[in-house]
Protein chains: 2
Amino acid sequence: MGRAQGFETGQAVRAAREVFWRDGYAEASVPALERATGLNRSSIYHAFGSKRGLFDAAVQSYLDEVVRPRLRPLVADAVAPDALVGYLTGLRAALARAEEIQGAAGCLLVNTSSSPLASDDAVRQTVADYRAELRAALRRGVVAMRPDAPEADADRLADVCTALVISAFTLVRVDPPSALHCLDTAVDVLKH
Amino acid sequence: MGRAQGFETGQAVRAAREVFWRDGYAEASVPALERATGLNRSSIYHAFGSKRGLFDAAVQSYLDEVVRPRLRPLVADAVAPDALVGYLTGLRAALARAEEIQGAAGCLLVNTSSSPLASDDAVRQTVADYRAELRAALRRGVVAMRPDAPEADADRLADVCTALVISAFTLVRVDPPSALHCLDTAVDVLKH
DNA sequence: TATATACTGCAACGAGCGTTACACAACTTG
DNA sequence: CAAGTTGTGTAACGCTCGTTGCAGTATATA
């Protein structure tokens with residue numbers, strides 16, 4: 001009963017996500033979020049309670065719609081031998097693309113981890129979980145690639161790949177060539 | 001001629017540096033900088049012109065007093081074979097220590113690279129140079145460790161180490177164990 | 001000692017922030 | 001059709017931000 005919501009929630013969250021992605025939590029102003037979502041403050045605060053509530057929804061949407069789809073081939077029942085290389089090259093293309101499309105660059109969660117919001121326990125947990133998820137997926141890719149390698153080698157390779165990916169995210173804004181080079185190095189490392 | 005400055009510039013910059021390090025540029029408020037440095041706004045603005053001027057001084061001080069001293073053994077005339085491992089273990093200790101002492105964590109420049117300030121050309125250049133400097137130093141360490149290794153191997157090892165170090169910086173705030181593990185992995189990789 | 005110069009304290013500025021209050025419009029339910 | 005509930009628009013709130021003006025103080029030079 002009552003009036004129906006005049007906008008699609010998922011679409012609004014997606015628009016807000018881009019702003020948080022580009023500007024970070026603190027520097028994403030509510031007026032900017034209004035503009036991006038096309039919503040009035042009233043609608044935002046009614047639907048999400050606060051700026052932080054919208055951010056949390058954006059993070060959830062980021063995990064569900066950006067991170068996990070990209071990692072899916074690495075957590076499938078049967079992981080293809082070249083799934084990890086495919087992930088890395090796909091990510092490379094995405095990083096290069098994101099650079100020119102708009103300001104949103106790198107990884108929303110990695111960006112967040114170097115901000116004061118990282119002191120928030122909920123955020124900290126989310127980012128830690130994300131890192132563990134990424135690492136576990138990459139490890140699956142390593143194992144699919146080299147089924148006979150010792151566990152210690154798989155662990156080490158997974159750690160190295162994870163670090164190279166995170167570094168790429170970190171560097172995209174300030175040094176895009178280095179960022180892309182990180183992912184190339186990851187592919188290179190996997191072939192030795 | 002005229003009245004002498006009542007505070008030591010280097011000391012004030014060092015105090016401000018900690019605040020920027022902990023909170024980032026945008027979230028470091030001028031009142032917080034006043035408190036940390038013990039200076040009045042007037043003194044800050046007279047000496048540094050603006051908040052941004054103080055930040056630039058803080059970055060310079062960070063490079064001169066934190067980054068370069070730590071990298072010195074790696075750019076000496078004769079680099080010791082275990083200089084790189086020494087750097088990594090020293091950094092590990094520093095990361096673990098910084099966690100408990102105060103909020104300032106990770107690397108001031110790496111933290112900055114995931115913030116909107118990274119869009120500033122001067123900042124971007126500084127961070128890019130820093131990354132190149134770090135990578136070059138680590139490469140020297142690799143070469144000192146394995147004088148007979150092919151160039152391509154040295155490059156790859158240097159890239160991997162650089163990425164592991166940057167990842168460690170990125171993760172310190174949200175997942176300290178993983179951050180320390182990155183540096184352990186770097187040492188591990190160097191021994192294979 | 002007189003004068004010019006440089007540093008500091010106090011107070012206020014305009015602007016933007018995130019948030020809230022309230023009235024009105026739209027629609028579902030009885 | 002009436003009642004009740006929910007979404008939207010307008011306006012303002014109190015607060016903090018970075019910055020500036022200005023008077024006053026301390027020092028170096030002449």
Side-chain angles (χ1 to χ4, degrees), chain A residues 1-59 103 112 115-120 122-123, chain B residues 1-59 103 108 111-112 115-120 122-123:
Chain A
M1 59 178 88
R3 182 173 172 178
Q5 192 174 256
F7 59 94
E8 208 209 323
T9 305
Q11 194 170 326
V13 170
R14 233 167 287 131
R17 186 178 73 197
E18 302 296 314
V19 178
F20 285 125
W21 197 347
R22 167 163 41 88
D23 296 342
Y25 176 75
E27 322 223 22
S29 70
V30 173
L33 293 166
E34 286 188 272
R35 261 175 270 123
T37 58
L39 301 182
N40 193 283
R41 302 163 192 265
S42 304
S43 303
I44 292 179
Y45 276 84
H46 185 86
F48 303 102
S50 66
K51 177 184 172 184
R52 176 61 192 275
L54 179 53
F55 177 77
D56 290 339
V59 167
T112 304
S115 88
L117 193 61
S119 303
D120 181 286
V123 171
Chain B
M1 59 179 84
R3 182 174 172 179
Q5 191 175 256
F7 60 94
E8 207 209 322
T9 305
Q11 194 169 326
V13 171
R14 233 168 287 131
R17 186 179 74 198
E18 302 295 314
V19 179
F20 285 125
W21 198 347
R22 168 163 41 87
D23 296 342
Y25 176 75
E27 322 222 20
S29 70
V30 173
L33 294 166
E34 287 188 280
R35 261 176 268 123
T37 57
L39 302 181
N40 193 283
R41 302 165 191 264
S42 304
S43 304
I44 292 179
Y45 276 84
H46 184 86
F48 303 100
S50 66
K51 178 185 172 184
R52 175 61 191 276
L54 179 54
F55 177 77
D56 290 340
V59 167
L108 172 57
N111 294 353
T112 304
S115 88
L117 193 61
S119 302
D120 180 284
V123 171

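Chain identifiers are assigned alphabetically (A, B, ...) following the order of the sequence lines, protein sequences preceding nucleic acid strands; residue numbering begins at 1 within each chain. On a predicted model such as this, the values are computed, not experimentally measured, just so you know.
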Working to the nearest 0.5 angstrom, can you tell me the gap between A:F20 CZ and A:L54 CG? 4.5 Å
Checking C:dA6, D:dT19, C:dT19 against the side chain of A:K51 (C-beta onward), the nearest is C:dT19
Choosing from D:dG18, C:dT19, C:dC7, which nucleotide comes nearest the side chain of B:R41? D:dG18
Closest listed nucleotide, where the reference is the side chain of B:P31 and the choices are C:dT8, D:dC17, D:dT10: D:dC17
Looking only at side-chain N and O atoms, does B:S29 come under 4.0 Å of OP1 or OP2 in D:dC17? yes
Counting only distance, no hydrogens or angles, is the base of D:dT20 paired donor-acceptor with the side chain of B:S42 under 3.5 Å? no
Hey, what do you get for CG (B:L33) to CD1 (B:I44), rounding to the nearest 0.5 Å? 6.0 Å
Separation of D:dT8 P from A:L39 CG (nearest whole Å): 7 Å
Expressed as a whole number of angstroms, how long is the span from B:Y45:OH to D:dC22:P? 18 Å
Taking C:dT19, D:dG18, C:dT8 as options, the one with an atom nearest any side-chain atom of B:R3 is C:dT8
note: A:E27, atom CD; D:dC17, atom P; distance rounded to Å ~ 14 Å
Expressed in angstrom and rounded to an integer, what is the separation of B:L33 atom CG from D:dC17 atom P? 10 Å
Just how far, in rounded Å, is C1' of C:dT19 from CG of A:N40? 13 Å
A:S43 side chain near D:dT8 phosphate (N/O to OP1/OP2, under 4.0 Å): yes
Nearest-Å distance, CZ (B:R35) to P (D:dT16)? 11 Å
Would you mind classifying the nucleic acid contact of A:A32 as base, sugar-phosphate or nothing, using non-hydrogen atoms under 4.0 angstrom? nothing
Distance, nearest 0.5 Å, that separates CG of B:L117 from CG of B:N111: 12.0 Å
Using a 4.5 Å cut-off on heavy atoms from C-beta on, say whether the side chain of B:T9 contacts that of B:F48. yes
Calculate the interatomic distance between B:E34 atom CD and D:dC17 atom P; express it in whole Å. 10 Å
Spacing of B:S43 atom OG and B:F7 atom CZ [to the nearest 0.5 Å]: 5.5 Å
Closest-nucleotide mapping onto DNA chain D: is A:Q5 or B:Y25 further toward the 5' terminus? I mean the 5' end. A:Q5
Given D:dT8, C:dT8, C:dG9, identify the nucleotide with an atom nearest to the side chain of A:F7. D:dT8
B:E8 CD to C:dT8 P, in whole Å, measures 13 Å
